[in-house]
Amino acid sequence: MDDPILTARDLVRDRFPGARAAFLAGSVLTARRTPLSDLDIVVLLDGPPAPARENLVYRGWPVELFVQTEAVWHGFADRETAQRSSPLLAMCAEGMLLVDTDGLGASLQSEARERWAAGPPPLSGPERDYLRYVLTDLLDDLRGCADPAERVYLVAHMLQRASELVLLVGGVWLGGGKWLSRRLAEAAPDVHRALHEAAAQAIAGDGTGFAAVVGEVLDLAGGPLWDGYAVKG
């Protein structure tokens with residue numbers, strides 16, 4: 001396949017000649033690039049066909065297009081920030097600016113970098129307590145689990161919950177799938193290693209180590225919480 005950067009520029013020129021700005025992002029720009037990596041492209045237009053999202057193949061490359069106006073971009077960024085996970089800010093902060101006809105691209109990239117560096121909104125006390133309660137409850141389920149199939153699902157769910165709790169307590173953005181692993185590996189490499197190694201052992205049948213690591217994660221957040229947990233309303 002052709003060079004990903006040149007291909008992305010050509011795609012934007014062919015499909016969106018009126019683009020004000022465009023960014024190329026994702027693993028394709030990094031050492032983690034694989035033969036199946038796609039081109040994640042954010043395109044800024046003045047109006048229709050924005051807003052839109054489209055998947056396609058262009059010159060052999062799988063492409064994900066995120067087509068937005070300036071107002072839509074800010075709306076997405078605000079909603080994702082409230083959820084403490086913002087693929088859009090990450091793409092524009094860490095990606096490559098391909099097109100910038102009027103300075104909008106540079107402006108949005110600067111804003112994205114500032115917001116990304118600032119991190120997600122901090123957890124409130126009730127939010128932290130709820131996350132501690134959920135993980136404590138799952139830990140009890142795992143300790144009492146005798147069904148191998150249920151254990152697999154429990155461990156997978158707990159791995160995600162524990163990883164997210166570490167990131168949130170540390171003021172780090174969340175991510176989904178491989179990005180959750182990457183965010184945790186960067187923010188807390190020792191915890192990341194302990195969690196995924198113990199999770200593999202738990203799925204194989206020995207959950208002792210995994211339970212211990214999850215217990216350590218709970219301690220980072222204030223400890224286990226179940227007895228006495230209550231929510232008003």
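A quick note: this is a predicted structure, and the numbers were derived from the prediction, not measured.
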* Do the side chains of F16 and F76 join up, straight or via other hydrophobic residues, at under 4.5 Å, putting them in one cluster? -> no
* Asked: Does the side chain of S85 come within less than 4.5 Å of E80's, by heavy atoms?
  -> no
* Find out whether L88 and W73 are in side-chain contact, i.e. whether some heavy atom of one side chain is under 4.5 Å from a heavy atom of the other. => yes
* Asked: Do the side chain of T7 and the main chain of D3 share a donor and acceptor less than 3.5 angstrom apart?
  -> yes
* **NZ/NE/NH1/NH2 to OD/OE distance under 4.0 Å, R9 and D14** => no
* Asked: Do M96 and W116 share a hydrophobic cluster (ILVMFWY, side-chain heavy atoms under 4.5 Å, transitive)?
  -> no
* To do: Tell me, with the steps shown, if H192 and S181 meet side-chain hydrogen bond (donor to acceptor under 3.5 Å, both in side chains).
  => CA-CA 7 Å; H192 175 260; S181 175; 2.9 Å; yes
* To do: Please test R15 against E54 for salt bridge (Lys or Arg N to Asp or Glu O under 4.0 Å), starting from the C-alpha separation and ending with a verdict.
  => CA-CA 12 Å; R15 291 283 305 271; E54 182 180 357; 2.7 Å; yes
* State yes or no: do V63 and F66 share one hydrophobic cluster built from I, L, V, M, F, W and Y residues joined by side-chain heavy-atom distances below 4.5 Å, directly or via other members? => no
* To do: List the atom of P62, the atom of S37, and the distance in Å for their closest heavy-atom pair.
  => CG-O, 3.7 Å
* Backbone N/O of G105 and side chain of D100: donor-acceptor pair under 3.5 Å -> yes
* Relative to the ring of Y229, is the ring of Y130 parallel (under 30°), tilted (30 to 60°) or perpendicular (over 60°)? -> tilted
* Say whether, by atom type as modelled, one donor and one acceptor occur between the side chain of W61 and the main chain of D2 under 3.5 angstrom. => yes
* **Approximate separation, where rounding is to 0.5 Å, of L65 CG and L39 CG** => 9.0 Å
* Indicate whether any N or O donor in one side chain lies under 3.5 Å from an N or O acceptor in the other, for S27 and R182. => yes
* Does any non-hydrogen side-chain atom of D46 lie less than 4.5 Å from one of R20? -> yes
* Structure fact -> Nearest heavy-atom contact between A202 and V155 is CB-CG2, 3.7 Å
* Structure fact -> Nearest heavy-atom contact between A19 and T101 is O-CG2, 3.4 Å
* To do: Would you check if L184 and L195 make a side-chain contact, meaning some heavy-atom pair closer than 4.5 Å?
  => yes
* Would you mind reporting whether L24 and D40 have side-chain heavy atoms less than 4.5 Å apart? => no
* To do: Would you mind reporting whether Y153 and H157 have side-chain heavy atoms less than 4.5 Å apart?
  => no
* To do: Side-chain contact test, heavy atoms from C-beta onward, threshold under 4.5 Å: evaluate it for I5 versus L29 and give yes or no.
  => yes
* Asked: Is R84 reaching over with its side chain to a backbone N or O of P122, donor-acceptor style, under 3.5 angstrom?
  -> yes
* To do: Kindly work out whether a path of hydrophobic side-chain contacts (I/L/V/M/F/W/Y, heavy atoms less than 4.5 Å apart) joins V99 to V72.
  => no
* To the nearest 0.5 angstrom, please state how far the CG atom of L97 sits from the CG atom of L108. => 9.0 Å
* Quick check: does any side chain N or O of S110 sit under 3.5 Å from a backbone N or O of A106, one acting as donor and the other as acceptor? -> no
* Asked: Got a donor-acceptor contact below 3.5 angstrom from the T69 side chain to the G47 backbone?
  -> no
* Asked: Quick one: does R132's side chain have a donor or acceptor within less than 3.5 Å of a partner on G223's backbone?
  -> yes
* Measure the spacing between CG of D38 and CG of L56 and express it to the nearest 0.5 Å. => 10.5 Å
* Could you tell me the separation between the CG atom of L225 and the CZ atom of R128, rounded to the nearest 0.5 Å? => 12.0 Å
* **For L174 against R183, the heavy-atom pair lying closest together** => O-NE, 3.5 Å
* Hey, are the side chains of L89 and W173 touching, using non-hydrogen atoms and a 4.5 Å cut-off? -> yes
* Can you name the closest pair of heavy atoms from L135 and M158 and give their distance? -> CD1-O, 4.2 Å
* **Test salt bridge (Lys or Arg N to Asp or Glu O under 4.0 Å) applied to E94 and R113, step by step** => CA-CA 8 Å; E94 300 172 350; R113 286 173 175 171; over 6 Å; no
* Have H74 and E111 got a donor and an acceptor in their side chains that come within less than 3.5 Å? -> yes
* Check the side chains of Y58 and D10 for a donor-acceptor pair under 3.5 angstrom, ignoring hydrogens and angles. => no
* E164 and Q160: side-chain hydrogen bond (donor to acceptor under 3.5 Å, both in side chains), yes or no, with the steps? -> CA-CA 6 Å; E164 290 176 344; Q160 177 178 339; 3.1 Å; yes
* Report the distance from atom CD of Q109 to atom CE of M91, rounding to the nearest 0.5 Å. => 12.5 Å
* Asked: Do the side chains of L131 and W226 join up, straight or via other hydrophobic residues, at under 4.5 Å, putting them in one cluster?
  -> yes
* Asked: Distance from L218 atom CG to R161 atom CZ, nearest 0.5 Å?
  -> 12.0 Å
* Structure fact -> For T81 and P121 the tightest heavy-atom approach is O-CD, 3.2 Å
